[in-house]
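Before any comments, here is the structure.
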Amino acid sequence: MRGGKLFVIMPSEKDFTFIMKRRNGVSKIYSCGTLQAENVGEEVTLRGWVNRRRDLGGLIFIDLRDRSGLTQVIFDPQISEEGHATASKVRSEYVLKISGTVRKRPEGTENSNLATGQIEVAVTSIEVLNTAKPLPFEINDRVEVDEMVRLKYRYLDLRRPRMQNNIILRHRIVKYMRDYLDERGFLEIETPIMIKSTPEGARDYLVPSRVHPGEFYALPQSPQQLKQLLMVSGMEKYFQVARCFRDEDLRSDRQPEFTQLDIEMSFIEQEDILQLTEGLYIGLVEKIVANRKLKQKPFPRFTFEESMAKFGNDKPDLRFDLFLTEISDLVKDSEFKVFSGAIAAGGQVKGLSLPGCANYTRRELDGLVEFVKQFGAKGMAWLALDKNERGEFTSKSPSGKFFTPEQLEVIASRFEPAAKPGDLLVFVADQPAVVANALGRLRNEMGRRLNLLNPDELAFAWILDFPLLEWKPEEKRWDAVHHPFTAPKPEDMHLLDTAPGAVRADCYDIVCNGYEVGSGSIRIHRRDIQSKIFSLLSYSEEEAQARFGHLLNAFEYGAPPHGGIAPGVDRTVMILAGEESIREVIAFPKTQSATDEMTQAPSPVDEKQLRELGIALIPQNKG
RNA sequence: GGAGGCGUGGUGUAGUGGCCAAACAUGCAUCCCUGUCAAGGAUGAGACCGCGGGUUCGAAUCCCGUCGCUUCCGCCA
């Protein structure tokens with residue numbers, strides 16, 4: 001899915017008409033995409049870039065481009081000898097100011113591909129505002145240019161229609177978010193970018209202090225603690241389009257700095273946040289992107305457990321019906337030791353039914369086995385379903401001989417929808433976490449490969465009831481699944497001492513098309529409970545005080561119950577734009593190695609700067 | 001930290017051991033052209049095939065290393 005054609009931005013007059021009010025001598029100044037048949041006869045001025053020049057010798061056409069679109073302007077020596085002479089020297093991406101008369105195009109030369117295709121401007125005067133060297137790549141969406149070249153010349157890349165659309169869409173989305181929350185009584189409040197480092201989770205970006213040599217600020221991984229403190233401040237409803245920084249390795253949907261719509265509310269319950277957020281996303285889709293369709297509203301809800309069981313992960317792609325199906329009970333006594341052995345060892349057997357894949361070649365099957373092995377599965381069993389003359393289920397596969405036709409039929413009917421001859425059943429037998437990961441990945445892969453997912457569809461859902469804590473075997477301690485300020489479910493509170501791993505959190509993720517779009521939780525607002533969680537996370541009272549003292553102290557002065565959510569702005573725009581990388585919706589993104597090709601950041605600094613900061617560099621081995 | 005893919009005129013690709021002193025498209029330059037709109041026609045310039053080493057009589061092509069971009073794993077409260 002390439003190019004900016006997947007979404008249609010609902011038109012907003014405001015974007016382009018403001019400029020029309022200005023006058024330039026006798027002629028009105030227009031944007032290039034706005035002139036219509038009704039303007040015929042008007043004296044107008046246009047400014048823009050030369051998108052394309054077509055020099056017919058005696059007659060020159062130029063498509064003049066600005067943000068709003070294209071207008072064909074024509075240079076006729078009979079109208080202006082001088083203008084025609086100048087136009088013959090003009091090249092691609094020169095910046096021009098032209099004045100002339102809007103006229104209807106001659107019969108048969110209209111261009112229906114152009115919004116302004118009914119008219120053209122006959123130029124009486126031209127001014128070259130700036131020239132341009134030949135460009136490193138063409139300003140259009142027809143070719144896929146190398147990522148490094150695009151990023152080095154990002155200011156040119158951003159001239160391409162696809163990128164202009166993406167940036168405009170991003171603006172509209174963020175504007176809608178701000179308006180939506182403003183209408184509901186939220187205050188946009190800025191929080192500091194230089195804060196105290198409280199390393200927990202991701203690595204911090206550090207900023208050295210000159211005034212306090214040897215000490216550092218950190219850039220916020222998110223404004224989490226600050227927004228909670230704003231709740232203690234009585235702000236009640238807060239939001240911020242907040243930049244967040246995490247020094248971790250990049251992915252197509254992860255940049256070292258990214259933007260969240262950070263939201264926090266007091267005196268609310270989980271349901272309030274879900275309703276608020278769901279309303280926001282339904283509005284975004286229905287009001288901003290015309291040709292994307294919501295698969296389902298209200299959004300379906302799954303518990304974490306259900307999602308893991310059915311989809312093998314906590315961010316399911318719900319655009320296609322392919323479900324992980326457990327058959328442990330059917331095969332626990334099987335002769336097939338791969339199955340019965342795994343169950344005896346405390347594991348399980350689950351499978352997927354791949355429609356119409358029974359004719360996969362050995363080579364294709366080996367490919368699937370290799371695929372699941374990447375994700376920890378020891379192997380993959382398969383049953384290629386067929387029917388014999390008597391109408392009985394058969395399966396041509398090594399493991400098929402362990403199952404009678406009746407058993408095959410029972411297994412096949414366990415799937416939803418029931419597997420039929422011609423389908424390929426694939427199974428992984430292992431510990432539940434391994435089974436979920438391997439089959440969950442395979443599910444997504446096959447959804448793509450079998451063309452089961454509609455790119456225009458948006459399948460949002462809520463994932464609820466995450467566990468509060470997970471056991472870190474290497475560190476021999478419990479760790480917060482979401483973050484350490486997440487409230488345990490009141491009904492599970494009694495398990496904190498006896499079975500911490502069974503405690504569920506008041507925590508929720510909004511997901512769409514296989515991406516985690518946002519996550520949030522009801523927070524702890526009582527000092528005693530927060531201390532208890534810190535101690536479960538193996539922080540001493542002193543450590544907790546040193547790191548989070550500001551929050552713990554604040555909780556002693558009348559902290560209201562509160563909670564919030566933080567949808568990812570970049571991912572939201574990416575999904576609504578139909579793009580596959582957030583780099584396509586960020587004006588100046590970084591490469592996978594976190595460099596900026598345009599400015600060459602990061603870069604060495606002067607010795608003097610380092611000395612002022614009291615920093616000495618340790619020589620690196622490499623290079 | 002690890003695995004895969006890619007790297008050939010400005011851009012996008014072809015070429016996978018000799019036919020390559022590298023082809024095609026586009027862009028660029030010069031010329032012709034008054035209804036084009038991814039204009040058309042003619043002519044021309046432009047790449048030592050990411051970089052370094054090796055194998056070979058011979059390397060864009062095979063091998064090793066390295067760098068860059070990218071996808072993924074680890075990591076991402």
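What you see below is based on every heavy atom in this structure, not just the backbone, and it leaves out hydrogens, waters and symmetry mates.
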Regarding [N], can its base be found pairing with the side chain of [X] as donor and acceptor, where the two atoms are less than 3.5 Å apart?
| X | N | answer |
| --- | --- | --- |
| Arg53(A) | C37(B) | no |
| Arg246(A) | C76(B) | no |
| Glu110(A) | G35(B) | no |

So what does [X] touch, heavy atoms closer than 4.0 Å: a base, only the sugar-phosphate, or nothing?
| X | result |
| --- | --- |
| Pro136(A) | sugar-phosphate |
| Asp247(A) | nothing |
| Arg91(A) | sugar-phosphate |
| Gln221(A) | nothing |
| Ile74(A) | base |
| Glu470(A) | nothing |
| Ser593(A) | sugar-phosphate |
| Gln224(A) | base |
| Glu445(A) | nothing |
| Gly57(A) | base |

Distance, rounded to the nearest Å, where [X] contributes [atom1] and [N] contributes [atom2]:
| X | N | atom1 | atom2 | answer |
| --- | --- | --- | --- | --- |
| Gln255(A) | U70(B) | CD | P | 9 Å |
| Asp157(A) | C69(B) | CG | P | 16 Å |
| Leu250(A) | C73(B) | CG | C1' | 15 Å |
| Asp63(A) | G35(B) | CG | C1' | 13 Å |
| Arg160(A) | G12(B) | CZ | C1' | 12 Å |
| His84(A) | U34(B) | NE2 | P | 9 Å |
| Lys133(A) | G10(B) | NZ | P | 13 Å |
| Glu138(A) | G10(B) | CD | P | 15 Å |

Got a salt bridge between [X] and [Y], using NZ or NE/NH1/NH2 to carboxylate O under 4.0 Å?
| X | Y | answer |
| --- | --- | --- |
| Arg583(A) | Glu147(A) | yes |
| Asp430(A) | Lys378(A) | yes |
| Asp249(A) | Arg254(A) | no |
| Arg162(A) | Glu144(A) | yes |

On a whole-Å scale, what distance lies between the [atom1] atoms belonging to [N] and [M]?
| N | M | atom1 | value |
| --- | --- | --- | --- |
| G58(B) | G46(B) | P | 29 Å |
| U66(B) | A22(B) | C1' | 26 Å |
| C20(B) | G5(B) | C1' | 26 Å |
| A45(B) | A29(B) | C1' | 7 Å |

Which base sits across from [N] as a Watson-Crick or G-U pair, both distances under 3.5 Å?
| N | answer |
| --- | --- |
| C24(B) | G12(B) |
| A3(B) | U71(B) |
| U55(B) | none |
| A60(B) | none |
| G40(B) | C32(B) |

Please report the closest heavy-atom contact between Asn513(A) and Asp317(A), naming both atoms and the distance.
->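 That closest heavy-atom pairing would be O-OD2, 3.4 Å.
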Could you tell me which non-hydrogen atom of Asp262(A) sits nearest to which non-hydrogen atom of Lys227(A), and how far apart they are?
-> OD1-NZ, 2.8 Å
Under-4.0 Å side-chain N/O to phosphate OP1/OP2 contact, [X] with [N]:
| X | N | answer |
| --- | --- | --- |
| Gln72(A) | U36(B) | no |
| Arg52(A) | A39(B) | yes |
| Arg441(A) | C73(B) | yes |
| Ser92(A) | G27(B) | no |
| Thr591(A) | G68(B) | no |
| Arg251(A) | C73(B) | yes |
| Thr595(A) | C69(B) | yes |
| Arg150(A) | U11(B) | no |
| Arg54(A) | U36(B) | no |

Closest to side chain of [X], choosing from [options]:
| X | options | answer |
| --- | --- | --- |
| Gln592(A) | U11(B), U71(B), C76(B) | U71(B) |
| Ser252(A) | U71(B), G35(B), C76(B) | U71(B) |
| Arg583(A) | U70(B), G74(B), G35(B) | U70(B) |
| Ser581(A) | U11(B), C72(B), U71(B) | U71(B) |
| Arg105(A) | C76(B), A38(B), U36(B) | U36(B) |
| Asp146(A) | C37(B), U71(B), G12(B) | G12(B) |
| Arg103(A) | U71(B), G35(B), C76(B) | G35(B) |
| Glu147(A) | C37(B), U34(B), U70(B) | U70(B) |
| Thr109(A) | C69(B), C28(B), G35(B) | G35(B) |

Indicate, with yes or no, if the rings of Phe466(A) and Tyr508(A) have centres closer together than 6.0 Å.
-> no
Residue pair Ile273(A) / Met265(A), side-chain heavy-atom distance below 4.5 Å = yes
Taking the side chain as C-beta and beyond, is there a heavy-atom pair between Arg150(A) and Glu584(A) under 4.5 Å?
->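 Touching, per the 4.5 Å side-chain cut-off.
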Hey, is Phe61(A) doing a stacking thing with U36(B), by the 5.5 Å centroid and 30° angle criteria?
->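 Base of U36(B): stacked against Phe61(A).
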Hey, which of Arg523(A), Gln224(A), Gln240(A) is the one that makes side-chain hydrogen bond (donor to acceptor under 3.5 Å, both in side chains) with Glu264(A)?
->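 For Glu264(A), the side-chain hydrogen bond (donor to acceptor under 3.5 Å, both in side chains) test succeeds with only one of Arg523(A), Gln224(A), Gln240(A), which is Arg523(A).
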